[in-house]
Amino acid sequence: MNKTLIVLVGPTGIGKTKTSLEIAKYFNSEIVSCDSRQIYKELSIGTAVPSAIELGTIKHHFIHSHSIHDYYSASMFENEVLAFLEAKFIQHDTYLMVGGSMLYIDAVCNGIDNIPDVDPTLRQNLLDKFESEGIESLRLQLKQLDPAYYSTTDLKNPKRILRALEICLMTGKPYSGFMTRQKKERPFKIVKIGLNCSREILYRQINNRVDEMIQSGLIEEAKNVYPHKKLNALNAVGYKELFNFFDGNTTLEEAVSKIKQNTRNYAKKQITWFKKDKNINWFAPGENQKIIKLLKSSI
RNA sequence: GGUGCCAUAGCUCAGUUGGUAGAGCAACGGACUGAAAAUCCGUGUGUCCCUGGUUCAAUUCCAGGUGGCACCA
């Protein structure tokens, strides 16, 4: 029998969790969460982790599996999920990956190129240099070390420049040399399902969900991790805005409306990314029967 | 009721010595290979409150109206 990974994607707030439970139940599968913030055990409310009841219904993986203090990356996620599936496909023929973290989904489905890990000290040194000298000197350095990448990349984006420089300096080879952009073969079939609806409805749901998060204690949750606000894991919608409020830079009301706004912007960004993926079969939320019908015919 | 000030983008406001207008924020569109809920890029979307008047030409000047704010009654 074929092993299949069903991949359920869509913008935040569309209702992926609800749909995923139906699909998982039908195919007797477990769920692999693909969410770059739900993996942190310190975060629950602001990341919209499924409820205890939902988690009890279907076995979930990669939720609360790491700590905000751990270093994590899309590549690590790729490796961990592939290792997990390899071991688990003995038990189930079908697994369901659900989430909205675009790069993570891509890493699992298509793979990302093998590039050596970066030494944290080097990263910090480059960051310091960026702080003190600005982006221009880093840009010049990259131009020398990797002219090919320099000519194609977004030169105004510090993260792109820093990343490329890190690899060039660490390996002594151009960063672009590592990028094959070749799709990796997977030992299982992948079927992608996308959920989307009108912008108006989606945005209304997002706004409501943020209000619910606040009522459920998001402020308290954010307060608990506030001492670690500099961690990358906490550079996340729902937390950074509240940190601003704790710092006294905004009112609570402003912070909440900023959370709504940033969540809407994030949803839009996800839609833009997913639109490009021609392998996604699109459905409206609630079309579970149609989704299951399509899955049955393609598994 | 009287006097004064104001009315321009979704919001806050610039501006046009008369030639139909532009900033910030929002919004919208896009990029994306180990930080990705991150990071970055692009786009002005307009009955310049309404009706008349002066003028070749009015969002701009004038008159009246409407709405808002302030002060005086």
Side-chain angles (χ1 to χ4, degrees), chain A residues 9-13 16 33-40 43 45-49 66 68-81 99-120 122-124 126-127 130 135 139 149 152-167 170-171 175-184 199-200 203 206 209-210 213 218 222 230-243 250 254 257-277:
Chain A
V9 304
T12 186
K16 291 188 292 294
S33 170
C34 184
D35 189 301
S36 71
R37 292 300 184 275
Q38 287 184 1
I39 62 166
Y40 297 117
L43 313 178
I45 300 169
T47 53
V49 162
H66 298 69
I68 55 173
H69 302 284
D70 299 334
Y71 173 78
Y72 205 66
S73 70
S75 173
M76 288 169 70
F77 185 74
E78 174 189 4
N79 293 333
E80 289 177 12
V81 169
S101 293
M102 306 156 277
L103 186 62
Y104 284 27
I105 294 164
D106 208 53
V108 170
C109 295
N110 303 318
I112 42 185
D113 290 314
N114 250 336
I115 299 174
D117 287 332
V118 170
D119 171 30
L122 174 63
R123 169 166 287 188
Q124 194 53 51
L126 284 174
L127 272 173
F130 172 57
I135 197 169
R139 224 186 260 158
Y149 187 71
T152 56
T153 197
D154 178 358
L155 296 173
K156 290 181 180 168
N157 191 332
K159 287 204 177 184
R160 297 277 133 72
I161 308 286
L162 282 164
R163 166 72 183 150
L165 260 186
E166 282 171 0
I167 299 302
M170 217 187 65
T171 63
Y175 174 58
S176 53
F178 292 97
M179 294 168 67
T180 67
R181 291 188 177 274
Q182 291 233 316
K183 191 173 183 295
K184 288 186 195 164
R199 207 62 71 80
E200 200 193 344
Y203 284 3
I206 286 174
R209 193 174 69 165
V210 171
M213 285 175 177
L218 178 57
K230 291 244 169 75
L231 292 175
N232 177 66
L234 296 176
N235 185 355
V237 177
Y239 299 90
K240 56 183 175 183
E241 299 85 355
L242 287 174
F243 296 160
T250 64
E254 285 165 343
S257 87
K258 204 69 187 165
I259 293 174
K260 292 176 182 175
Q261 182 192 314
N262 286 337
T263 308
R264 292 193 301 266
N265 291 166
Y266 174 53
K268 161 63 184 121
K269 225 160 51 176
Q270 290 172 302
I271 292 169
T272 299
W273 177 292
F274 293 136
K275 253 192 336 204
K276 279 193 309 186
D277 187 342

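Keep in mind that the numbers below use all heavy atoms, side chains included, and drop hydrogens, waters and symmetry copies. Naming: A, B, ... by sequence-line order, numbering from 1 per chain.
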Taking only the side-chain nitrogens and oxygens of [X], find out if one of them lies under 4.0 Å from OP1 or OP2 of [N].
X      : N     : answer
A:Y71  : B:G34 : no
A:K156 : B:U39 : no
A:S73  : B:A35 : no
A:Y104 : B:A36 : yes
A:R163 : B:G34 : yes
A:N235 : B:A36 : no
A:N114 : B:G34 : no
A:R264 : B:A27 : yes
A:K275 : B:G30 : yes
A:Y175 : B:G34 : yes
A:K269 : B:G30 : no

Once you round it to whole Å, what is the distance between [atom2] of [N] and [atom1] of [X]?
X      : N     : atom1 : atom2 : result
A:E254 : B:A26 : CD    : P     : 13 Å
A:M102 : B:A31 : CE    : P     : 12 Å
A:N110 : B:G34 : CG    : C1'   : 16 Å
A:K240 : B:A35 : NZ    : P     : 17 Å
A:K268 : B:A27 : NZ    : C1'   : 12 Å
A:R160 : B:U33 : CZ    : P     : 5 Å
A:R181 : B:G34 : CZ    : C1'   : 14 Å
A:I135 : B:C41 : CD1   : C1'   : 13 Å

Exercise. Can the positive tip of A:K276 be found less than 6.0 Å from the middle of the six-membered ring of A:W273, inside 45° of the ring normal?
Worked result: yes
Using a 4.0 Å heavy-atom cut-off across all strands, classify [X] as base, sugar-phosphate, or nothing.
X      : value
A:E78  : nothing
A:N262 : nothing
A:Y149 : nothing
A:P158 : sugar-phosphate
A:D35  : base

For this session: Starting from the 5' end of RNA chain B, give me the residue, A:N232 or A:K258, whose nearest nucleotide shows up first.
Result: A:K258
Seminar exercise, completed: Taking for A:G111 and for A:Y266 the nucleotide of RNA chain B with the nearest heavy atom, the one nearer the 5' end belongs to A:G111
Just compare [options] and give me whichever is closest to any side-chain atom of [X].
X      : options             : result
A:R199 : B:U39, B:A27, B:C28 : B:C28
A:K276 : B:A31, B:A36, B:G34 : B:A31
A:N265 : B:A27, B:A35, B:A36 : B:A27

Exercise. Between B:G22 and B:A26, how far is it from one C1' atom to the other, in whole Å?
Worked result: 16 Å
For this session: Considering only atom P, compute the distance from B:G68 to B:C28 and round it to an integer number of Å.
Result: 32 Å
Exercise. Can you find a pair of side-chain heavy atoms, one from A:R163 and one from A:V118, that are under 4.5 Å apart?
Worked result: yes
Exercise. Is there side-chain contact between A:K184 and A:E78, with at least one heavy-atom pair below 4.5 Å?
Worked result: yes
For this session: Would you give the length of the straight line joining atom CZ of A:F77 to atom OH of A:Y104, rounded to the nearest 0.5 angstrom?
Result: 8.0 Å
For this session: Consider only side-chain N and O atoms of A:T12 and A:R209, and report whether a donor and an acceptor are under 3.5 Å apart.
Result: yes
For this session: Indicate, yes or no, whether a donor-acceptor pair under 3.5 Å links the base of B:U33 to the side chain of A:K184.
Result: no
For this session: Specify the closest pair of heavy atoms between A:A222 and A:L242, including all atoms of both residues, with the distance to one decimal.
Result: CB-CD1, 3.8 Å
